[in-house]
Protein chains: 2
Amino acid sequence: MKVLSKACVYGLRALIYMALKKGDSPYVSIGEISEELDISFHFLTKTFQSLTEKGILKSYRGPSGGVAFAQPPEAIFLIDVVKIIEGEGFFDSCLLGLPGCGEAAPCPVHDFWKEARGAMKREFETTSLAGLADKVSRQRLRISE
Amino acid sequence: MKVLSKACVYGLRALIYMALKKGDSPYVSIGEISEELDISFHFLTKTFQSLTEKGILKSYRGPSGGVAFAQPPEAIFLIDVVKIIEGEGFFDSCLLGLPGCGEAAPCPVHDFWKEARGAMKREFETTSLAGLADKVSRQRLRISE
DNA sequence: AGGATTTAAGACTATTTTATCTTATTTTAT
DNA sequence: ATAAAATAAGATAAAATAGTCTTAAATCCT
């Protein structure tokens, strides 16, 4: 069951890495992240560009440049990132792929799926990057293979 | 959010169609199903082949042949179909795509995702084709676009 | 000023998924 | 027997996703 695209998974891992890294400079180079997490540099760059456009990150070129959070990671929730990378309609899908599935013209599993994806949405709305980073450092979790 | 592949979605829609159709002969031709539900004939044929191999369906060639349930639709649950079409490990995925994610080496969202996919699995385990077909006919739901 | 470093942007390639097409094989009815 | 109806199987094509490469632009440092 593949729910999130590679771009999204890589983006989230990278953001957690950034949130985890409390250095003197807020800027972290994409090169460092891609090396540490073993993610294609150019692929990650492309993903980060959209996050920069949408105001999640800010970027700075040149030596010792990189990307940094444009908002504190406490205020960035998974849903913000997912919506940017996967698209706005991410939580409106029909499990059976019927276009326009909804209360008016539901599919046979609409009721269940509405609840299931709703739970997922709520979780994404309440989980911040800072919260995840905190969990990772406390419990020594991994964010790469 | 695309959870199920086209092959799986088409397969499920087609099976519901079959469960819905209480004709004199248990055999329904794939040609009819593909036409009624607007699904590529050959694509559906390929999907049905694996369901036949795994004992969900039985097939009969020749004029007035087709496919029929090898077990009563009351005894066929969504999970049976999904596991055949999507693969055995469908409910073991990691949301962040980390290989070997589990209790021993969990990812940061493992706890949540374990619960979410568990709920989905339970729903699939308890929903039969007959149950869905019944719901469709009672509530006049649609199974095609 | 000039070279090194880093993101930005877009073209290009590869892989996977989805869909179609073609040909064979099996079965039934006449 | 023969024709018709259906599945079986594999080659091929199209589309979506994932990943790579190249060039440009910005910034810093000496």
Side-chain angles (χ1 to χ4, degrees), chain A residues 1-15 18 23 25-70 85-87 89-90 93 96-97 145, chain B residues 1-14 18 23 25-70 85-87 90 97 145:
Chain A
M1 172 164 31
K2 200 194 63 181
V3 172
L4 299 173
S5 68
K6 287 280 182 191
C8 193
V9 162
Y10 290 163
L12 287 174
R13 290 190 203 162
L15 289 171
M18 287 175 64
S25 162
Y27 286 95
V28 188
S29 85
I30 299 180
E32 173 191 331
I33 303 175
S34 72
E35 248 173 63
E36 287 296 321
L37 299 185
D38 198 35
I39 297 171
S40 153
F41 170 77
H42 290 96
F43 195 63
L44 185 56
T45 295
K46 208 156 45 173
T47 301
F48 268 6
Q49 278 169 19
S50 56
L51 294 178
T52 303
E53 275 170 20
K54 293 299 180 69
I56 299 282
L57 298 176
K58 56 187 175 183
S59 66
Y60 207 80
R61 302 183 189 190
S64 76
V67 291
F69 290 113
I85 300 179
E86 302 289 0
F90 184 72
S93 71
L96 290 185
E145 307 183 12
Chain B
M1 169 164 35
K2 200 194 64 181
V3 172
L4 300 174
S5 70
K6 288 279 184 191
C8 194
V9 162
Y10 289 164
L12 288 173
R13 289 190 203 163
M18 286 174 63
S25 162
Y27 288 95
V28 188
S29 86
I30 299 182
E32 173 190 331
I33 302 174
S34 72
E35 247 173 64
E36 286 298 321
L37 301 184
D38 198 36
I39 298 172
S40 153
F41 169 78
H42 291 95
F43 196 62
L44 184 57
T45 293
K46 212 154 37 175
T47 300
F48 268 5
Q49 279 170 17
S50 56
L51 293 179
T52 302
E53 276 170 20
K54 295 297 180 72
I56 299 283
L57 298 176
K58 56 187 174 183
S59 65
Y60 206 78
R61 303 184 189 192
S64 76
V67 292
F69 290 114
I85 301 178
E86 301 288 2
F90 184 72
E145 307 182 10

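Note on naming: letters A, B, ... go to the chains in the order of the sequence lines (proteins, then strands), and numbering restarts at 1 for each one. Atom set for the values below is all heavy atoms of this structure, side chains included, hydrogens, waters and symmetry mates excluded.
- Residue B/Gln49 is the one, among B/Gln49 and A/Phe43, whose nearest nucleotide of DNA chain D lies closer to the 5' end (criterion: closest heavy atom).
- The aromatic rings of B/Phe43 and B/Tyr10 lie perpendicular to each other, with more than 60° between the two planes, well past the 30° mark.
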Bracket notation of DNA chain C in which parentheses pair within the strand, [ ] cross earlier pairs, and | pairs with another strand (Watson-Crick or G-U, under 3.5 Å): ||||||||||||||||||||||||||||||

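- For B/Glu35, there are no side chain to side chain donor-acceptor pair (under 3.5 Å) partners, not counting sequence neighbours.
- Atom NZ in A/Lys46 sits about 8 Å away from atom C1' in D/dT20, given to the nearest Å.
- Summarising the geometry, the separation between CD on B/Glu32 and C1' on D/dT7 is reported as 16 Å, rounded to the nearest angstrom.
- The CD1 atom of B/Ile33 sits 8.0 Å away from the CD1 atom of B/Ile39 when rounded to the nearest 0.5 Å.
- Within residues 3-11 of chain A, the residues approached by DNA chain D to less than 4.0 Å at the level of any non-hydrogen atom are A/Ser5, A/Lys6, A/Tyr10, in residue-number order.
- The phosphate of C/dT7 has neither OP1 nor OP2 within less than 4.0 Å of any side-chain N or O from A/Ser59.
- Summarising the geometry, atom CD1 belonging to B/Ile30 is positioned 8.5 Å from atom CE belonging to B/Met18; distances are rounded to the nearest 0.5 Å.
- One can place CD1 of B/Ile30 at 15 Å from P of C/dT27, the figure rounded to the nearest angstrom.
- Spacing between atom CZ of A/Phe48 and atom P of C/dT6 amounts to 15 Å, rounded to whole angstrom units.
- Between the side chain of A/His42 and the base of C/dT7 there is no donor-acceptor pair of N/O atoms closer than 3.5 Å.
- Toward the 5' end of DNA chain C, the nearer of the two residues B/Phe41 and B/Arg61, judged by each one's closest nucleotide, is B/Phe41.
- For the atom pair CD1 (B/Ile85) and CG (B/Leu4), the distance works out to 9.0 Å, reported to the nearest 0.5 Å.
- What separates CD1 of A/Ile85 from P of D/dA18 is a distance of 11 Å, to the nearest Å.
- Expressed to the nearest 0.5 Å, how far CZ of A/Phe69 lies from CG of A/Leu57 amounts to 6.5 Å.
- Counting all heavy atoms, side chain and backbone alike, B/Gly55 lies closest to B/Ala70 at O-CB, 3.3 Å.
- In this structure, OG1 on A/Thr47 lies 12.5 Å from NZ on A/Lys6, to the nearest 0.5 angstrom.
- Within the 4.0 angstrom heavy-atom criterion, only backbone atoms of the sugar-phosphate kind lie near B/Lys2; the bases stay farther away.
- Residue B/Leu57 contributes atom CG, which lies 13 Å from atom C1' of D/dT7 at whole-angstrom precision.
- Using a 4.0 Å cut-off, no side-chain N or O of B/Tyr27 falls inside it from OP1 or OP2 of D/dA6.
- B/Glu32 CD to B/Leu37 CG: the interatomic distance, rounded to the nearest 0.5 Å, is 9.0 Å.
- One atom, CG of A/Leu44, and another, C1' of D/dC21, lie 16 Å apart when rounded to the nearest Å.
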